[in-house]
A.B. asks: 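The structure under discussion is supplied below as structure tokens; questions concerning it will follow.
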Amino acid sequence: GVIGVLLGVIITVTVVLTLPLKRTFIRRCELFPGYDCENLWSVFQQAYVGKDPCNVPMEAYDPLIAAAPFKPACNRMMFWSKTKDLVQDFIKKRGCFLTLEKTLLGSVLDDLSWCGEEGSSETFKRFCRRKCENNPVGSFWRRASAAFADVACGDVTTVLSGDIETPFDPKSIFGSIELKRFKSPRVRSLKIVLVSRKKALSNCMNPSFQDLQKELGPGITYSCTEMTESQFNECSSAPETCGPCW
Ligand code: APR
């Protein structure tokens with residue numbers, strides 16, 4: 001009868017909306033040996049399922065971070081801001097650097113969207129609004145970035161964009177979360193690589209780097225190297241060692 005049809009519709013909608021995200025999560029997770037991916041999915045879901053999508057704080061992901069903690073990779077950690085595509089291409093060729101997107105948690109959720117709804121046990125992957133600060137996706141990236149930066153050590157690299165007038169943005173995740181968590185003497189130095197694609201709008205003398213220095217913990221030095229996109233990419237075809245280009 002009507003109820004049967006309704007149930008069928010509800011089940012179909014649930015499957016269509018939820019499964020693709022879970023499938024992607026598990027498929028990407030299984031590339032990392034030694035993790036219980038079904039369990040990680042369930043811990044992940046508990047952060048936002050059944051909640052108002054404007055009310056998922058970054059702490060909601062604490063159990064997920066605890067279930068798949070980040071491991072330090074001294075001298076090899078790479079951060080970025082406004083340069084995701086550039087860094088992604090670079091990383092494919094230059095395997096030695098580690099970005100958040102190459103870690104288990106970063107890679108399973110890279111470029112995905114998800115949210116729950118009050119009174120529902122479903123995960124939606126479309127029509128997730130991101131207007132409010134505590135949305136499930138934004139909170140995840142803030143939480144994961146904090147944990148990733150917490151394990152930073154040695155010489156740390158960040159790739160910033162020379163195509164904008166203010167390459168260091170104190171309100172970005174890099175400026176507001178990651179940079180503040182670098183601690184001396186664990187972290188020795190910050191190497192800024194300022195990459196311009198077209199006509200450079202900023203260089204290493206940019207006043208925003210004074211703000212950066214103020215936020216950088218005492219005892220950590222910083223350096224800055226300007227590069228064009230092609231210089232940066234050529235750098236990526238160098239041998240599997242980190243750093244000789246900057
Ligand atoms: N996939 C989808 N969205 C992402 C991803 C990702 N892999 N990483 C970050 N985001 C979201 C975040 O909400 C982030 O604020 O996209 C935004 C990118 O904004 P930018 O201003 O370009 O960069 P920033 O805010 O500084 O964030 C990038 O945080 O993700 C970490 O380690 C990463 O250093 C990097 C920084």
Side-chain angles (χ1 to χ4, degrees), residues 21 24-25 28-29 31-32 44 47-48 53-54 56-58 60-61 64-65 68-73 76-92 94 97-115 125-126 128-153 155-182 187 190-197 201-202 206 208-209 211-212 215-216 220 222 229 232:
L21 189 82
T24 306
F25 185 105
R28 291 178 178 181
C29 174
L31 299 174
F32 293 78
F44 164 65
Y48 61 87
C54 271
V56 177
M58 53 190 275
Y61 291 99
L64 180 64
I65 304 288
F70 295 107
K71 299 180 193 101
R76 302 197 295 116
M77 291 175 76
M78 180 174 271
F79 297 82
W80 54 268
S81 202
K82 318 279 186 291
T83 50
K84 187 172 193 284
D85 303 353
L86 208 68
V87 168
Q88 219 159 26
D89 291 344
F90 176 83
I91 283 293
K92 278 188 210 135
R94 195 70 178 273
F97 282 103
L98 182 68
T99 55
L100 176 55
E101 289 71 36
K102 270 182 40 178
T103 66
L104 182 140
L105 290 182
S107 80
V108 293
L109 295 165
D110 194 11
D111 288 332
L112 298 183
S113 176
W114 63 92
C115 59
K125 63 170 225 168
R126 265 181 278 186
C128 292
R129 292 158 53 84
R130 301 228 194 134
K131 283 234 165 112
C132 30
E133 159 146 336
N134 281 339
N135 71 79
V137 178
S139 292
F140 168 77
W141 289 111
R142 291 200 305 277
R143 183 64 189 90
S145 303
F148 186 60
D150 278 340
V151 302
C153 50
D155 298 326
V156 169
T157 301
T158 188
V159 181
L160 302 180
S161 171
D163 292 333
I164 49 180
E165 279 169 26
T166 312
F168 173 67
D169 173 5
K171 290 202 278 295
S172 65
I173 291 188
F174 174 70
S176 67
I177 297 179
E178 294 176 324
L179 181 76
K180 293 180 175 167
R181 291 183 174 246
F182 299 156
V187 171
L190 176 65
K191 295 178 183 295
I192 302 169
V193 185
L194 188 63
V195 184
S196 305
R197 290 188 137 147
L201 282 184
S202 51
N206 193 274
S208 70
F209 294 128
D211 301 331
L212 178 142
E215 297 291 344
L216 195 59
I220 304 175
Y222 90 90
E229 182 177 17
F232 182 63

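Order of appearance sets the numbers: ligands from 1, and atoms from 1 within every ligand. Scope of the values below: all heavy atoms of this structure, side chains included, with no hydrogens, waters or symmetry mates.
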A.B. asks: Is any side-chain heavy atom of F182 closer than 4.5 Å to one of F79?
C.D. replies: yes
A.B. asks: So do K125 and T24 actually touch side chain to side chain, heavy atoms under 4.5 Å?
C.D. replies: no
A.B. asks: Hey, can you tell me if F90 and F232 have their rings parallel, tilted or perpendicular (30° and 60° cut-offs)?
C.D. replies: parallel
A.B. asks: Among Q88, R130, K82, E178, which one has a heavy atom closest to atom 21 (O) of ligand 1?
C.D. replies: K82
A.B. asks: Give me the nearest non-hydrogen protein atom to atom 3 (N) of ligand 1 as residue plus atom name, then the distance to 0.1 Å.
C.D. replies: W141 NE1, 3.5 Å
A.B. asks: Testing the 3.5 Å rule here: is there a donor-acceptor pair between the side chains of R142 and S139?
C.D. replies: yes
A.B. asks: Does any part of the side chain of W80, heavy atoms only, come nearer than 4.5 Å to the side chain of L86, both counted from C-beta?
C.D. replies: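 Of all side-chain heavy-atom pairs linking W80 with L86, none is under 4.5 Å.
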A.B. asks: Of the side chain and backbone of S145, name the one, both, or neither that has a heavy atom under 4.0 Å from an atom of ligand 1.
C.D. replies: side chain
A.B. asks: Based purely on interatomic distance, does I173 place a nitrogen or oxygen under 3.5 Å from a nitrogen or oxygen of ligand 1?
C.D. replies: yes
A.B. asks: Just wondering, do Y61 and P136 contact through their side chains at under 4.5 Å, heavy atoms?
C.D. replies: yes
A.B. asks: Any non-hydrogen side-chain atom of V108 less than 4.5 Å from a side-chain atom of F32?
C.D. replies: no
A.B. asks: Near F174, which atoms of ligand 1 are under 4.0 Å from a heavy atom of that residue?
C.D. replies: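 So the atoms of ligand 1 that pass are 24 (P), 26 (O).
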A.B. asks: Which residue and non-hydrogen atom of the protein lie closest to atom 28 (C) of ligand 1, and at what distance in Å?
C.D. replies: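 Going by distance alone, atom 28 (C) of ligand 1 is nearest to W80 O, 3.2 Å.
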A.B. asks: For atom 7 (N) of ligand 1, what's the nearest protein heavy atom and its distance?
C.D. replies: D110 OD1, 2.7 Å
A.B. asks: Looking at atom 16 (O) of ligand 1, is any protein heavy atom nearer than 4.0 Å to it?
C.D. replies: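 Protein heavy atoms within 4.0 Å of atom 16 (O) of ligand 1 - there are none.
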A.B. asks: If you count the atoms of ligand 1 from 1 in the order shown, which ones are under 4.0 Å from a heavy atom of D111?
C.D. replies: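 By the 4.0 Å cutoff, the relevant atoms are 1 (N), 2 (C).
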A.B. asks: Which ligand 1 atoms does L100 reach within 4.0 Å, using its non-hydrogen atoms?
C.D. replies: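 Under 4.0 Å from L100, ligand 1 has these atoms: 30 (O), 31 (C), 32 (O).
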A.B. asks: Ignoring angles and geometry beyond distance, decide whether F79 reaches within less than 3.5 Å of ligand 1 through its nitrogen or oxygen atoms.
C.D. replies: no
A.B. asks: Using a heavy-atom cut-off of under 4.0 Å, does the side chain or the backbone of R142 touch ligand 1, or both, or neither?
C.D. replies: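 The answer is neither.
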A.B. asks: Do L190 and L179 come close enough that some side-chain heavy atom pair is under 4.5 Å?
C.D. replies: yes
A.B. asks: Kindly assign one of parallel, tilted or perpendicular to the pair Y222 and F209, based on the angle between their ring planes and the thresholds 30° and 60°.
C.D. replies: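 The arrangement is tilted - the two ring planes meet at 30° to 60°.
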A.B. asks: Quick check: S81 and ligand 1, any N/O pair under 3.5 Å apart?
C.D. replies: yes
A.B. asks: Under 4.0 Å from atom 19 (O) of ligand 1, can you find at least one protein heavy atom?
C.D. replies: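 No, no protein heavy atom sits under 4.0 Å from atom 19 (O) of ligand 1.
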